[in-house]
Student: 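Structure provided below as structure tokens; questions to follow.
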Protein chains: 2
Amino acid sequence: MEYRIGDFALITRLSVKSLRNYHDLELLTPTRIDSENGYRFYDESLISRARIITVLKAWNFSLQEIREILESCSDDHEVIHIIKQKKQEIQTRIKALKSIEGELSLLIENEKENKDMKYKTEIEIKETEELNIISITYKGPFSDCGKYIGKLYKAAKGKAAGKVFSLYSEDVNHDDPEGTVCLPVKKEVEGPGIEYRTIPAGKVISLIHIGPYDTIGNSYQKLVDYRNENSLEQTGPYREIYIKGPGFLFPGNPAKYVSEIQMYIK
Amino acid sequence: MEYRIGDFALITRLSVKSLRNYHDLELLTPTRIDSENGYRFYDESLISRARIITVLKAWNFSLQEIREILESCSDDHEVIHIIKQKKQEIQTRIKALKSIEGELSLLIENEKENKDMKYKTEIEIKETEELNIISITYKGPFSDCGKYIGKLYKAAKGKAAGKVFSLYSEDVNHDDPEGTVCLPVKKEVEGPGIEYRTIPAGKVISLIHIGPYDTIGNSYQKLVDYRNENSLEQTGPYREIYIKGPGFLFPGNPAKYVSEIQMYIK
DNA sequence: CCTTGACCCTCCCTCGGGGGGAGGGTTTTT
DNA sequence: AAAAACCCTCCCCCCGAGGGAGGGTCAAGG
């Protein structure tokens, strides 16, 4: 029995367009072509070939690959090593997609956390916990900070365990400022120019600063005033925790940035 | 600072071609175009935009989507629901790939099993185990068999637990043959026209038949002869187990088909 | 016999995300 | 002043189809 292309398309559930395409690619050549009108005629023996093509296509083989398989193989076990390769390829792709999925999930998680957070904007006294961190100390403008944060995250490779923060010495030299960017991590991490250490627990006075970083001086002022009014003794550097800053993608609205400043006291 | 396209390409790690393409798509428009020579000049403020594009591209967003995001969003949390959608999309794709991977693994497993198997071609006496099966009984030519096997596998949906076999009555009518195709399954499975039941354990004489199905009569003959010579009493139907038949893809070499014929005896 | 509608043909355009290269102009370095 | 390095536009290529134009062919019904 011979079928015209339309019927053959119905039988094989391939589109007429695809069938013509496969003909051009010599992937599925009609048994006969009418020399008068150019009509394609398909024998029923081609149905199984069409089935093979459909199956291989569903398995993500390209038409080119399918053609090679059909040319060189006549038995399942000759195909098996090609199939193994394809499986590997698919596994690789799954891995890549999973890693993207992971990143996206992380982002969504983070966003959720930040969403409805209310922040107290009064000075509080807190106990901080011990923290394993990696850090980079740098000199230069604050605007370089982002660069180092990137480095830290890269070095941490997913072992990050908290928000980034900076440490500033109590007696900072404003002409030649020095800062340390830190990232809490789960495990020890190594990297060029990266220091791993543990920050001890301690008592701090803390203040949430909402707004852009260039107005953060005011909040420092408040902390210092509070320290002086209450005759507290400062025992360590300032810690500036970036709770919500520029996003992953967009800088966002600086008026909504949230930072926490901590001053270590006795 | 202004950069020419080549330098900007180095900075952003995008290709010159891509940059020109992004310009055409109004995705990343140069800050200035020299009206004399048409050179594109990129401001450093475009670097972050380029970074966003790179990141989104790595997350599998299309350029079109990226353009929409850049047009309508200025803050991470406005993008978050788009990202959620993308995550869903990626999960869907992972699922699809995993299902393909599963099928391929199954195939590879099967092939491995068949690979170096040696078969005894002498009559043996065996005890068979109890078996849960689904089955379809049909009348008509043996060649329809494949169709029903397909149905069984479809109905089993991965719950298949062994090789397909046929059951033939001891007193088959050769003019109007009736056969039952069976597939062992792990759990009960339902489907239209499909029967689920348990085949009891039993004693059988068994013979491996190697070669195409149309010569299988010889092997039946041998079994019957053996039964008669040893005065055994047949107590159930013939069971014809298809150990290695036409492959998933290709019919393969019929001379290498392997079947086992079992005859239930007391 | 003619029309109508269902088929069929070839040829070209479109999608995405660029790469390769031709052909020609400009800038920078030697 | 020449050579090398850049830049431009324009066109074709990849893949696996789908859409549609423009034209030929076949079967059924009036």
Student: Less than 4.0 angstrom between a side-chain N/O of A/S15 and OP1 or OP2 of D/dA17, yes or no?
Tutor: no

Student: Within the modelled atom types, does a donor on one side and an acceptor on the other bring the side chain of B/Y22 and the base of C/dG18 under 3.5 Å apart?
Tutor: no

Student: Side-chain contact, heavy-atom cut-off 4.5 Å: A/E188 with A/Y196?
Tutor: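 The answer is yes; the side chains approach within 4.5 Å.
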
Student: Would you say a side-chain N or O of B/R67 is under 4.0 Å from OP1 or OP2 of C/dG17?
Tutor: no

Student: I'd like to check A/V258 versus A/Y242 (side-chain heavy atoms, cut-off strictly below 4.5 Å). Are they in contact?
Tutor: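 No, side chains not in contact.
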
Student: Check if the side chain of A/K17 and the base of D/dG20 share a donor-acceptor pair of N or O atoms closer than 3.5 Å.
Tutor: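 Side chain to base: pair found, below 3.5 Å.
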
Student: Tell me which nucleotide among C/dG17, C/dC8, C/dT26 gets nearest to the side chain of B/N37.
Tutor: C/dT26

Student: Round to the nearest Å and state the distance from B/K57 atom NZ to C/dG16 atom C1'.
Tutor: 11 Å

Student: Starting at atom CG of A/D34, determine the distance to atom C1' of C/dC7, rounded to an integer number of angstrom.
Tutor: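 In whole Å, C/dC7 C1' and A/D34 CG are 14 Å from each other.
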
Student: Phosphate oxygens OP1/OP2 of C/dC7: is one of them under 4.0 Å from a side-chain N or O of A/R40?
Tutor: no

Student: For the pair made of CZ in B/R32 and P in D/dC7, what is the distance, rounded to whole Å?
Tutor: 14 Å

Student: Over how many whole Å does the gap from B/L19 atom CG to C/dG17 atom C1' extend?
Tutor: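 Atom CG in B/L19 sits about 13 Å away from atom C1' in C/dG17.
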
Student: For A/E89, is there an ion pair with A/K86 - N to carboxylate O distance below 4.0 angstrom?
Tutor: yes

Student: Output the rounded distance in Å from CG (A/D24) to P (D/dG18).
Tutor: 14 Å

Student: Less than 4.0 angstrom between a side-chain N/O of A/S18 and OP1 or OP2 of D/dG18, yes or no?
Tutor: yes

Student: Does A/F165 reach the side chain of A/I133, with side-chain heavy atoms less than 4.5 Å apart?
Tutor: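 Contact flag for A/F165/A/I133 side chains = yes.
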
Student: Which nucleotide in the list C/dC7, C/dT26, D/dC8 gets nearest to the side chain of A/R4?
Tutor: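 The answer is C/dC7, which lies nearest to the side chain.
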
Student: What integer distance in Å separates A/I33:CD1 from C/dC9:P?
Tutor: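 My rounded result for the distance is 9 Å.
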
Student: Classify A/F41 by what it touches in the nucleic acid, base, sugar-phosphate, or nothing, heavy-atom distance under 4.0 Å.
Tutor: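 It contacts nothing in the nucleic acid.
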
Student: For A/L25 and B/G6, find the nucleotide of DNA chain D closest to each by heavy atoms; which residue's nucleotide sits nearer the 5' end?
Tutor: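 The answer here is B/G6.
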
Student: If you pin B/Y39 and A/Y39 to their nearest nucleotides in DNA chain C, which one's is more 5'?
Tutor: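 Looking at the nearest nucleotide for each, A/Y39 comes out on the 5' side.
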
Student: Please check the phosphate of D/dC8 (OP1 and OP2 only) for any side-chain N or O of B/R20 closer than 4.0 Å.
Tutor: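 Yes, B/R20 has a side-chain N/O under 4.0 Å of OP1/OP2 on D/dC8.
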
Student: Without decimals, in angstroms, what is the distance between B/D7 CG and D/dC7 C1'?
Tutor: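 So the two atoms are 12 Å apart, to the nearest Å.
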
Student: Without decimals, in angstroms, what is the distance between B/H23 NE2 and D/dT9 P?
Tutor: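 B/H23 atom NE2 is separated from D/dT9 atom P by 8 Å.
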
Student: Does a side-chain heavy-atom distance below 4.5 Å link B/I69 with B/L56?
Tutor: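 They are in contact (side-chain heavy atoms under 4.5 Å apart), so the answer is yes.
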
